[in-house]
Amino acid sequence: MSISIKSINKTFGNYAALENISLEVPNGSLTALLGPSGSGKTTLLRIVAGLEFSDPGEGRILFHGEDVSETPAGKRGVGFVFQHYALFRHMTIAENIAFGLSVLPRSLRPAKAEIHARISELLKLVKLEGLDKRRPHELSGGQRQRVALARALAIQPKVLLLDEPFGALDAQVRKSLRRWLRVFHDEIGLTTLFVTHDQEEALELADQVVVMRNARIEQVGKPQEIYDHPRSPFVYEFLGNVNKLSASNGSHRYIRPHEIEIAFAAEYNPETDRLAKIDHLFSAGPVATLSVRLDDGQFLEVEISRKQLDELALDPGDEVSIRIMDSSKSGV
Amino acid sequence: MALRPSTTESPLVRRILISTALLVLSLFLLLPLTAVFAEALRRGWEVFLASLHDEVALSAIHLTLMAAAISVPLNTLFGVSAAWLITKYRFKGRAFLLSLIDLPFAVSPVIAGLVWVMIFGSKGWLPPTAMAEALAPAARLIASLAEYDGFGWLLADLAAWLADPKIVFAFPGIVIATVFVTFPFVARELIPLMESQGSDQEEAAVTLGARGWQIFLRVTLPNIKWGLFYGVLLCNARAMGEFGAVSVVSGHIRGETNTLPLHIEVLYNEYQFSAAFACATLLAFLAIVTLGMKSLVEHLSGHQSSGHK
């Protein structure tokens, strides 16, 4: 089911949280709302869920063409996973997952056996078989996260909304759960919108990335597209490391650290290269990061492979020749 | 000298601090409590039991229990609603409501009593004569209803009261004063608790399709039950023990409007020390039970929430 967001405004007192936001989330896609804190991404997610309402006016939320702007959250059929999971801590895992079914009016409520079967099925889906009798505080962060997901899915939602799904997890779990969620999404094919402030997460996970800043959408596109063709300096700087190089005429140029080639000073070609001196060298890991100082005093960060670093056998203080690759996008 | 963490004092200082604390505690808390029981039993069990079996004493106990039985549920209801309103919603006047709840804590109980005398007393704004006039139609209606079966006795009582609506120097005044004084206990216990828990779980329940009362009964209430229980406990202890405000509105009519604390004072003033202390043991016992239950609640809730963030 697709989500259409049309001219949404939201103000809290004098503070504008969202300004004229319009966005299409295609059916079955995994879309990321990416932005720094205060950019309005969580507010937008909450408005889609119906936990918050946009300012009265033209703003509309449509699920597959159907206007749900006035529909209360409980009737929208959204699965919402909260940043800190918001599990019911006095209930077992099974009771948590069954909650959405057990609050249905008697006439719509599935039979006990059916609810039970649904719980087992969902626990299997999120790989938590056998934990149904536990309570939330007995589980790890990653497990709680998946319980929250199972609980949201139990009501067979039309869309899935995740608020900073990996925000409260440590780096290791975060990475594995991220991959798992991607595979999981492809299996169940549910239209999913998630909020994150982590560009790496958005780029790796999403089909479509929506970059937000100061209550507005800055850019929308496929991860590759956004990374390669940032439309503004903000997007450039927000999506990964970037060097900002000032030219003598006052204009700027953005260059990613891996878009710079490095060679011995002896190979210097005045037409295409610039001379630089190595200031620092970080070589722990597969990629080595060099901080070099250009002849005009500006610093650049350069990433090269460990292998290349070993071949060049560079040391801090060495003079090198650098060349900015053609693929890099200049002057925004 | 052995090494010790920088936040720990030397053994000598520690011992001095602990014994000072214990000394002060026993002097000011334990000693009076023991004295109450010792004084009550000084003239033997028979006198002790007789003072409790006394008709006037029984009436005072009955009145105290009735006043608590009405005001505690009322304030529980009020406290839960107020805490829910204040912690789950943001609205204009929220801060004002918050300080209003604290008003009974800030006002002297004597004032709290005098206010009601001023409003409902025979020279007040709403004297019984004026109220009787205004309520006369209701009194007649209910009196006619009382002729039918069912709750006839209750309706007859109500009709009789409506015909002569006394508030001050009567049971209703005692209830009103008690409600006023014990107003903040439940709300004050719940507000910080619910504030710290936030609305996440309630919001999750909303997205899962739960309706208002389902959210309250199945999500909010289980999360606050121990705090609520403790608040009710404190509210009850105060409702049964309240002296000042009730003293002003009750009029001290023996066997009619004397609550247990008032009865104790009357006995004491009449030099019936053993009887006064015998009745006082009931209130002391209530305090001990309250504290015991409090520790039990803390133990249970701490046990249950271990491992929670």
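In what follows, chains are A, B, ... by sequence order, proteins preceding strands, each numbered from 1.
- Only the side chain of A:Phe82 comes within contact range of chain B, with heavy atoms under 4.5 Å apart.
- The shortest non-hydrogen separation linking A:Ala86 to B:Ala204 is O-CB, 3.9 Å.
- Note: B:Leu208 CG to A:Asn96 CG = 9.0 Å, rounded to the nearest 0.5 Å.
- Neither the backbone nor the side chain of A:Leu101 has a heavy atom closer than 4.5 Å to any heavy atom of chain B.
- For the residue pair B:Arg218/A:Ser102, the side-chain donor-acceptor check at 3.5 Å is satisfied.
- Atom CZ of B:Phe285 has 12 or fewer neighbouring heavy atoms from other residues, nucleotides or ligands inside a 6.0 Å radius.
- Once rounded to the nearest 0.5 Å, the distance linking CD of B:Gln201 with CE of A:Met91 reads 8.0 Å.
- For A:Glu138, the side chain to side chain contact (heavy atoms under 4.5 Å, CB included) partners two or more places apart in sequence, or in a different chain, are A:Arg134, A:Arg135.
- Around the NZ atom of A:Lys175, the shell of radius 6.0 Å holds no more than 12 heavy atoms that belong to other residues, nucleotides or ligands.
- Between B:Arg211 and A:Leu104, the shortest heavy-atom contact is NH2-C, 4.0 Å.
- Here the CZ atom belonging to A:Arg151 is positioned 7.0 Å from the OG1 atom belonging to B:Thr207, to the nearest 0.5 angstrom.
- Contact annotation: the side chain of B:Asp200 never approaches that of A:Tyr85 to less than 4.5 Å [non-hydrogen atoms, C-beta and beyond].
- The 12-atom threshold is exceeded at CD of A:Glu129, counting heavy atoms of other residues, nucleotides or ligands nearer than 6.0 Å.
- The environment of CZ in B:Phe96 is sparse: at most 12 heavy-atom neighbours from other residues, nucleotides or ligands sit within 6.0 Å.
- Looking at A:Leu161, neither its backbone nor its side chain comes within 4.5 Å of chain B, counting heavy atoms on both sides.
- Rounded to the nearest 0.5 angstrom, B:Glu203 CD and A:Arg46 CZ are separated by 4.0 Å.
- Heavy-atom minimum distance, B:Val219 versus A:His90: O-CE1, 3.8 Å.
- Judged by distance alone, with hydrogens and angles left aside, the side-chain atoms of B:Gln214 form a donor-acceptor pair with the main-chain N or O of A:Val103 at under 3.5 Å.
- In the displayed structure, B:Arg15 atom CZ is contacted under 6.0 Å by at most 12 heavy atoms of other residues, nucleotides or ligands.
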